[in-house]
Number of protein chains: 2
Amino acid sequence: MLMIDERSKKILCAIVENYINLPDPVGSRTVAKGHPLGLSPATIRNIMADLEEMGLLTQPHTSAGRVPTDRGYRLYVDSLLLERGSTDIERIQEIYLNLETLRDNIDILLVETSKAISMVSHYLGIAMSPKPNVTTLNKIELFKYKSDKLAAILFTDEGMIKNKLLSLDSEITQKDLNRIASYLNSEFSGYTLDEIRLKILKEMSREKTMCDRLISRAIRICQEALSFPFGDLFVSGLSEVLELPDFADLQKIKELSRAIEEKHTIIKLLDKLADLDGVQIIIGSENSMDEMKKFSVVVSSCKEDGRPVGVVGIIGPTRMNYLKAISIIDNTAKFITRMLGER
Amino acid sequence: MLMIDERSKKILCAIVENYINLPDPVGSRTVAKGHPLGLSPATIRNIMADLEEMGLLTQPHTSAGRVPTDRGYRLYVDSLLLERGSTDIERIQEIYLNLETLRDNIDILLVETSKAISMVSHYLGIAMSPKPNVTTLNKIELFKYKSDKLAAILFTDEGMIKNKLLSLDSEITQKDLNRIASYLNSEFSGYTLDEIRLKILKEMSREKTMCDRLISRAIRICQEALSFPFGDLFVSGLSEVLELPDFADLQKIKELSRAIEEKHTIIKLLDKLADLDGVQIIIGSENSMDEMKKFSVVVSSCKEDGRPVGVVGIIGPTRMNYLKAISIIDNTAKFITRMLGER
DNA sequence: ATTAGCACTCTACTACGGAGAGTGCTAAAA
DNA sequence: TTTTAGCACTCTCCGTAGTAGAGTGCTAAT
């Protein structure tokens with residue numbers, strides 16, 4: 001662990017906050033003036049030199065001011081989490097009101113949530129629907145559609161409805177479909193999709209010994225119906241972040257847009273964090289994915305009765321207003337949880 | 001109409017093609033060398049001066065080569081459409097094979113189609129699902145869900161399935177729901193969603209005179225169920241176009257990303273073109289939306305029995321390889337149409 | 001009608017130099 | 001021992017100047 005006294009920490013935080021407001025390297029004079037610590041620029045220079053030695057600050061070049069490193073941001077954020085205040089909640093509340101009207105469609109709700117986050121934060125807003133391993137099947141309904149097709153409608157306890165068209169290999173009546181559906185419901189309702197997948201695999205392994213043709217068919221249909229991309233990721237606000245001076249450079253924009261389009265890397269990242277409680281923060285190089293090493297991520301999972309129902313977050317430059325970001329994400333996560341909890 | 005002789009046209013096309021390959025202003029020497037027209041640079045200079053006077057070319061500055069204007073591209077494209085050849089179909093076919101597997105879910109199919117288009121074209125790929133005015137209701141199913149909610153599942157003739165959760169204001173049995181559903185189906189099946197909306201409005205105006213409580217409830221449910229954002233737009237390939245030198249400038253990237261996020265402007269644009277047959281091309285300033293005046297659009301609607309089932313297209317710089325773009329879009333539209341037609 | 005020749009124009013690139021901001025170091029002060 | 005003042009030094013930023021090169025328009029010859 002890093003040894004650092006209170007005064008140095010204050011100066012580090014002052015530099016970080018200064019840099020967040022204005023992306024120019026921060027000099028000793030600026031710190032001395034802006035924060036009434038009763039220290040002269042010279043003293044502060046000494047401390048800054050120490051902080052640099054510790055790897056918390058860097059200079060873009062000799063004789064520029066200092067800029068926080070990722071580790072510098074980390075220390076700042078950690079000290080922030082201990083005593084964080086609430087930021088402009090009013091603005092957010094207003095936007096939440098509009099989201100209320102969308103509660104009945106979780107996908108659209110999440111899209112709009114990601115947009116809302118990007119609007120208030122001016123960073124990328126992200127929202128992800130629950131992953132199959134934690135999604136519980138409420139019921140399944142089956143319909144004939146156009147003679148040779150079958151529509152499977154999946155309801156989850158979390159309020160998601162997913163549908164999938166399946167091609168039928170042989171004729172079947174709606175009556176049989178109803179029987180299949182009620183069999184599947186009695187068998188699988190209340191289990192998570194991952195559990196169901198496991199059960200299906202087991203069933204299939206002894207399928208040959210089973211002679212009930214209908215059941216074996218039911219199993220097959222259910223398996224196909226479950227092969228669905230749960231865990232959708234919605235990202236909004238690219239034009240928002242392009243306004244930031246941090247993205248003046250084309251290379252960085254390219255990296256970010258690649259990261260956005262390669263959604264599965266972000267999904268993988270969020271998956272890791274979905275189980276944890278509270279607001280999680282990943283700063284620049286702490287990120288394990290190469291595409292994301294220049295950006296910071298602030299996320300929180302939305303949990304209902306300890307069961308995650310989604311993830312919301314922010315992606316932005318390492319020079320992010322973490323205080324604001326944390327507050328927004330914390331509030332949004334709680335709001336979504338509350339809203340979905342009322343269903 | 002513009003008067004222009006065959007030789008000038010050849011030179012214009014030569015300049016456009018040259019510029020498409022390499023985004024540098026084209027000089028008279030280059031044209032003389034690259035295209036064996038048997039003319040000297042000086043002659044070509046004269047013709048280029050004429051073309052500039054006609055508004056088909058411009059110079060970035062006095063002593064640079066020439067660059068096509070939007071009107072220049074237009075002439076090039078028009079002469080192209082008369083005698084167009086087929087381009088690298090093989091590559092496209094290969095990608096189409098993967099799309100085949102997705103035919104059962106139209107939304108995912110369209111997402112993947114837009115990705116495929118961007119991959120082969122290296123421009124933005126766009127795909128849009130049918131608009132409600134041309135979407136025909138096949139059937140509607142209603143379910144109780146968690147005691148106080150109602151799930152409405154809409155099937156369209158085009159193979160789309162949409163679902164919507166509605167909150168119930170008062171208790172209702174599944175039996176009643178079934179009766180409502182079969183009433184709605186007998187009444188509305190086979191009509192386009194827009195037609196149904198009209199019918200509903202009519203019904204509601206005389207609702208007061210009707211005493212069948214169930215029917216009035218059915219009408220209300222149906223109305224809510226139809227308030228669905230059909231006509232989704234999918235855009236892919238931002239990181240693809242960022243590699244183009246045309247987007248070296250930050251301002252242009254911002255405009256493009258704004259255009260992408262403000263999907264409704266693009267949707268409006270595509271709506272206008274959805275009714276037309278064949279490949280439609282809009283070049284730069286021909287575009288009525290401000291956000292799009294710096295980009296070109298190549299689109300084609302996918303029609304099944306004269307009824308549009310979607311729109312596919314490309315958005316790119318005005319300096320676009322129109323020949324390739326046209327070929328890709330034409331083929332993709334035909335492929336999608338054929339695939340959906342087989343259902 | 002076409003071409004060769006030539007002067008002209010404009011950009012892109014490099015080099016130079018001064019202003020300004022911020023540093024590190026040293027020596028004095030607290 | 002810690003803090004501060006002073007000062008020389010370093011590096012970026014920005015404007016100016018000068019040059020090479022590409023491409024033009026015009027004129028006169030073919």
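Chain naming here is simple, since letters A, B, ... match the order of the sequence lines and numbering starts at 1 in each.
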Report task. Could you tell me whether a side-chain N or O of A:Ser114 sits under 3.5 Å from a main-chain N or O of A:Ala127, the two making a donor and an acceptor? Result -> no
Query - B:Leu323 backbone acceptor or donor facing B:Ser327 side chain under 3.5 Å - result: no
Requested in this report: Select one nucleotide: of C:dT2, C:dG22, D:dT4, the one nearest the side-chain heavy atoms of A:Ser40.
Outcome: D:dT4
Requested in this report: Whole angstrom is fine here: how far is it from CG in B:Leu51 over to C1' in D:dT24?
Outcome: 15 Å
Report task. Name the residue closer to the 5' end of DNA chain C, choosing between B:Leu39 and B:Ser63 according to the nucleotide with the nearest heavy atom. Result -> B:Leu39
Query raised in the report: Between B:Ile44 (CD1) and C:dA4 (C1'), how many Å, whole number?
Result: 14 Å
Query raised in the report: If you draw a 6.0 Å radius around NZ in B:Lys252, do more than 12 non-hydrogen atoms from other residues or ligands fall strictly inside?
Result: yes
Requested in this report: Report the nucleotide, chosen from C:dT3, C:dG24, D:dA5, that has the shortest atom-to-atom distance to any side-chain atom of A:Ala42.
Outcome: D:dA5
Report task. Using a 4.0 Å heavy-atom cut-off across all strands, classify A:Ala64 as base, sugar-phosphate, or nothing. Result -> sugar-phosphate
**Report entry** Any donor-acceptor N/O pair, B:Gln59 side chain to B:Ala64 backbone, under 3.5 Å
**Finding:** yes
Report summary line: To the nearest angstrom, the CD1-P distance between B:Ile47 and C:dA1 comes to 12 Å
Report summary line: Assign each of B:Arg45 and B:His61 the nucleotide of DNA chain C bearing its closest heavy atom; nearer the 5' end lies the nucleotide of B:Arg45
Query raised in the report: Under a 4.0 Å N-O cut-off, is there an ion pair linking A:Arg74 with A:Asp70?
Result: no
Requested in this report: Using whole Å, report how far CZ of A:Arg66 lies from P of C:dG22.
Outcome: 12 Å
Report summary line: In whole angstroms, the gap separating C1' of D:dG25 from CG of B:Leu57 amounts to 16 Å
Query raised in the report: By a strict heavy-atom criterion of less than 4.0 Å, which residues belonging to residues 16-28 of chain B are in contact with DNA chain C?
Result: none
Query raised in the report: To the nearest Å, how far apart are B:Gln59 CD and D:dA22 C1'?
Result: 12 Å
Report task. Step through the shown structure and confirm whether more than 12 heavy atoms of other residues, nucleotides or ligands are within 6.0 Å of NZ on B:Lys263. Result -> yes
**Report entry** SB check A:Asp5 A:Lys9 (cutoff 4.0 Å)
**Finding:** no
Report summary line: Rounded to whole Å, CD1 of B:Ile15 lies from P of D:dG23 at a distance of 12 Å
**Report entry** Base-pairing string, 5' to 3', of DNA chain D - Watson-Crick or wobble, under 3.5 Å, | interstrand
**Finding:** ||||||||||||||||||||||||||||||
Query - Sugar-phosphate, base or nothing in reach of B:Thr62, heavy atoms under 4.0 Å - result: sugar-phosphate
**Report entry** Side-chain (A:Glu17) to main-chain (A:Ala14) donor-acceptor, under 3.5 angstrom
**Finding:** no
Report task. Whole angstrom is fine here: how far is it from CG in B:Asn46 over to C1' in D:dT27? Result -> 12 Å
Query raised in the report: Can you name the side-chain contact (heavy atoms from CB on, under 4.5 Å) partners of B:Ser239, sequence neighbours left out?
Result: A:Ser257, A:Arg258, A:Glu261
